[in-house]
Asker: 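Here you go, one structure.
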Amino acid sequence: MQLDDLYRRVIMDHYKNPRNRGKFEDGGLTVDLNNPTCGDRISLQLKVEDGIVKDARFTGEGCSISMSSASMMTEAVKGRTYEEAMDLANRFSCLMKGEPADFEDYEDIEALSGVNKFPARIKCATLAWNALKKGIHEES
Ligand code: FES
């Protein structure tokens, strides 16, 4: 199987079987964001205890790239401090610029590396990550 096919499968798996989709019944740090170019939106919730992201959920409507990226991000961010979460988000920004970025800690994210060749889709892929950054900025 070619790498592109593998990456496509990983993306579609997260799109069709999203991890962490839903809302916490008792709330949490909530960030709502939309993609101004298409109007698609995400609502991200984080459960933070002692400065560590214990859990994450998201809802929203969007294309396969935006929703799979949200699924991956919410998996990858669990158990991280704000600083570590920001480092993860910064690495994702590098990936979107076509710069080297290491995701040994959650390799599924590398499936989105091809997005950098399609500038219009970068906003899709970064929607959830921008929500994460916004949430961290508001809290710190
Ligand atoms: Fe709207 Fe991708 S087309 S987020």
Side-chain angles (χ1 to χ4, degrees):
M1 193 191 304
Q2 299 227 319
L3 194 58
D4 279 358
D5 293 329
L6 176 67
Y7 282 173
R8 208 167 298 128
R9 281 186 192 204
V10 172
I11 290 168
M12 289 316 287
D13 177 50
H14 276 272
Y15 180 55
K16 290 182 175 162
N17 309 294
R19 285 46 150 194
N20 311 305
R21 191 168 175 94
K23 278 186 185 288
F24 296 121
E25 286 187 4
D26 56 348
L29 168 61
T30 303
V31 183
D32 296 311
L33 210 61
N34 71 354
N35 178 346
T37 57
C38 65
D40 289 340
R41 56 170 202 91
I42 183 172
S43 180
L44 173 68
Q45 284 189 316
L46 301 174
K47 280 273 182 226
V48 182
E49 281 173 36
D50 301 326
I52 294 174
V53 179
K54 295 282 187 190
D55 209 350
R57 293 281 184 280
F58 77 98
T59 56
E61 288 96 40
C63 62
S64 55
I65 299 290
S66 65
M67 295 293 107
S68 62
S69 187
S71 171
M72 293 175 197
M73 183 277 285
T74 51
E75 274 294 274
V77 79
K78 287 183 204 173
R80 296 185 195 262
T81 63
Y82 279 155
E83 198 176 27
E84 290 166 344
M86 197 52 104
D87 171 65
L88 190 67
N90 289 336
R91 278 186 274 145
F92 191 76
S93 297
C94 289
L95 193 72
M96 290 299 102
K97 289 182 202 146
E99 295 168 4
D102 178 7
F103 286 99
E104 258 179 21
D105 40 356
Y106 194 72
E107 289 180 343
D108 283 12
I109 292 171
E110 289 172 15
L112 291 166
S113 58
V115 171
N116 73 66
K117 297 188 205 85
F118 306 95
R121 307 312 300 275
I122 292 175
K123 283 203 171 83
C124 307
T126 52
L127 180 62
W129 296 87
N130 288 341
L132 174 65
K133 284 184 187 173
K134 189 171 176 226
I136 292 172
H137 279 134
E138 283 174 6
E139 283 300 291
S140 24

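Counting starts at 1 for both ligands and their atoms, following the listed order. All of these numbers come straight from a predicted model, not from anything done at the bench.
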Asker: Number the atoms of ligand 1 from 1 as they appear, then name those within less than 4.0 Å of a heavy atom of Ser66, with their elements.
Answerer: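 Matching atoms, with element in brackets: 4 (S).
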
Asker: Looking only at heavy atoms of Gly62, does any of them come nearer than 4.0 Å to an atom of ligand 1?
Answerer: no

Asker: Name the closest protein heavy atom to atom 4 (S) of ligand 1, giving the residue it belongs to and the distance to 0.1 Å.
Answerer: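 Here the nearest protein heavy atom works out to Asp40 OD2, 3.3 Å.
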
Asker: Would you say Cys38 has an N, O or S atom lying under 2.8 Å from atom 1 (Fe) of ligand 1?
Answerer: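 Checking atom 1 (Fe) of ligand 1 against Cys38, an N, O or S atom does fall under 2.8 Å.
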
Asker: Over all heavy atoms of both residues, which pair between Phe58 and Pro18 is shortest? Give the atoms and the distance, please.
Answerer: CZ-CB, 4.0 Å

Asker: Does Leu127 come within less than 4.0 angstrom of ligand 1, counting non-hydrogen atoms of the residue?
Answerer: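 Per 4.0 Å heavy-atom rule, Leu127 does not contact ligand 1.
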
Asker: Within a distance under 4.0 Å of any heavy atom of Cys63, pick out the atoms of ligand 1 and give their elements.
Answerer: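 Every atom of ligand 1 under 4.0 Å from some heavy atom of Cys63: 2 (Fe), 3 (S), 4 (S).
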
Asker: Would one find more than 12 heavy atoms of other residues, nucleotides or ligands at under 6.0 Å from atom CG of Asp26?
Answerer: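 Counting other residues, nucleotides and ligands, CG of Asp26 exceeds 12 neighbours.
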
Asker: Count I, L, V, M, F, W, Y as connected when their side-chain heavy atoms are under 4.5 Å apart, and connections chain through other members. Are Leu88 and Val31 then in the same cluster?
Answerer: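 No.
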
Asker: Asp40 vs Lys123, test: salt bridge (charged side-chain N to carboxylate O under 4.0 Å, His left out). Steps then yes/no.
Answerer: CA-CA 10 Å; Asp40 289 340; Lys123 283 203 171 83; over 6 Å; no

Asker: Please work out whether the ring planes of Tyr106 and His14 are parallel, tilted or perpendicular, with thresholds of 30° and 60°.
Answerer: perpendicular

